[in-house]
Colleague: 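This is the structure I have questions about; it appears just below.
Every number for a ligand or one of its atoms is a count from 1 in the order of the listing.
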Amino acid sequence: MTRVLVVEDDAQLARALAINLRARTYEVDSAPDGASALRLAADKSPDVVVLDLGLPDMDGVDVIRGLRGWSRVPVLVLSARTGSEDKIRALDAGADDYMTKPFSMDELMARLRAATRRTEETLPTPYASHLVTTDEFTVDLVAKRVRRADRDVRLTPTEWHLLEILISHPGVLVSQRRLLQEVWGPSYSRKTNYLRVYMAQLRRKLEVDPSHPRYLITQPGMGYRFEA
Ligand code: CA
């Protein structure tokens, strides 16, 4: 059984999608806004997400970014926005496909089949769940919380963003340039001193011995890597 999460604030369209999907034996969960979409994605582990970009509480692109912190679930964007810029933003954030409203139900079904087929062929996701646990701390990628010794660790948004990128790619070297561009923006790609400062802060909060890190590893001159 394939499970679809439909994220759409237009109640009539959401209902039409659910009816059509159920008629084709999909299991359907519906979310009318971004926050409930992220919560349902974590609770129900859908096989594919159909996502409207214009949501009442947040931009659909931010829903994609939130999901991509911990999940590789295929995301098919349904949008009334026809501009190529919106399409590029959605695809860059990690959407797998993009359809412009109005759309034909048959085409949507064909694209859903293609999206779920692709996941069956690809590698398993780095984490089956949104919780990343080490001997020292636990990170909840959905709630955006870090716990250490039964207490919440307070992170600044910048520290969180850095940590999120690293732990979403366990064991993988993430280049200084990529971290700087993703966290601070394209014009900061040479500000490696920013990284040194923020990584030192993160280590003080998460490592037993910040000067000999076990989890947040530096590859000198290249980048950083998270070891679980
Ligand atoms: Ca909408």
Colleague: Please say which of Leu21, Val50, Ile19 ends up in a side chain to side chain contact (heavy atoms under 4.5 Å, CB included) with Val28.
Modeller: Leu21
Colleague: Check Asp52 and report its N/O/S atom nearest to the Ca ion (ligand 1), by atom name.
Modeller: OD2
Colleague: Verify the distance test for Glu8 against the Ca ion (ligand 1): any N/O/S atom under 3.0 Å, yes or no.
Modeller: no
Colleague: Between Arg111 and Asp97 (salt bridge meaning N to carboxylate O under 4.0 Å), is one present in this structure?
Modeller: yes
Colleague: Suppose we only allow N, O or S atoms; which atom of Asp9 ends up nearest to the Ca ion (ligand 1)?
Modeller: OD1
Colleague: Within less than 3.0 Å of the Ca ion (ligand 1), any N, O or S from Gly54?
Modeller: yes
Colleague: Do the ring centers of Trp160 and Tyr198 come within less than 6.0 Å of each other?
Modeller: no
Colleague: Got a donor-acceptor contact below 3.5 angstrom from the Arg68 side chain to the Gly94 backbone?
Modeller: yes
